[in-house]
Amino acid sequence: MPKPLRMSRRTWVGVWAVLCAVGIAATVALNASPAPDPQPEKRVSAECAEYIADIETRLAKAKAEGNDDGVLAFTRTRAGADDCSDEILDHFSGDR
């Protein structure tokens, strides 16, 4: 069985220093690059905007009454109503 190549401590320290320098240079380059343009806000239908406003009103009312346990249930019974689940998640995602 062939013997593995032995590397001196100087070689290991040199390799480690080069890898650190490359990592630092990459970090500096990434930090210096401009931030990407923010995504344009998606349009929300009038019905969904009204529904989101209703949810915010109910949340504020529950908070004012001291029922701010973080659990509210909403149902939509109107047939043919827009599916606003994505818009609601996008709107309230910062509150989690």
Side-chain angles (χ1 to χ4, degrees):
M1 182 156 192
K3 293 184 179 181
L5 293 175
R6 295 185 52 131
M7 295 179 66
S8 67
R9 287 186 185 170
R10 286 185 184 174
T11 305
W12 282 113
V13 170
V15 168
W16 179 79
V18 168
L19 288 175
C20 287
V22 169
I24 290 171
T27 302
V28 168
L30 287 173
N31 286 339
S33 65
D37 293 333
Q39 295 292 328
E41 237 179 83
K42 292 193 307 185
R43 293 265 187 202
V44 178
S45 70
E47 184 178 358
C48 289
E50 182 180 324
Y51 189 53
I52 289 171
D54 182 46
I55 292 172
E56 287 180 339
T57 303
R58 291 182 189 194
L59 287 172
K61 182 180 177 186
K63 192 171 192 174
E65 292 174 354
N67 298 332
D68 190 25
D69 60 359
V71 178
L72 288 177
F74 298 95
T75 59
R76 297 199 69 171
T77 56
R78 238 177 65 202
D82 286 348
D83 179 20
C84 300
S85 58
D86 291 337
E87 289 84 353
I88 291 170
L89 287 175
D90 289 343
H91 182 78
F92 290 104
S93 63
D95 294 340
R96 290 185 196 173

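We count residues from 1, following the sequence as given.
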Legend entry - Verdict with reasoning, T57 to K61, per side chain to side chain contact (heavy atoms under 4.5 Å, CB included): CA-CA 6 Å; T57 303; K61 182 180 177 186; 5.6 Å; no

Legend entry - For S8, side-chain hydrogen bond (donor to acceptor under 3.5 Å, both in side chains) partners two or more places apart: T11

Legend entry - H91 versus I52, closest heavy-atom pair with distance: CD2-CG2, 3.4 Å

Legend entry - Heavy-atom neighbours of E50 CD exceed 12 at 6.0 Å: no

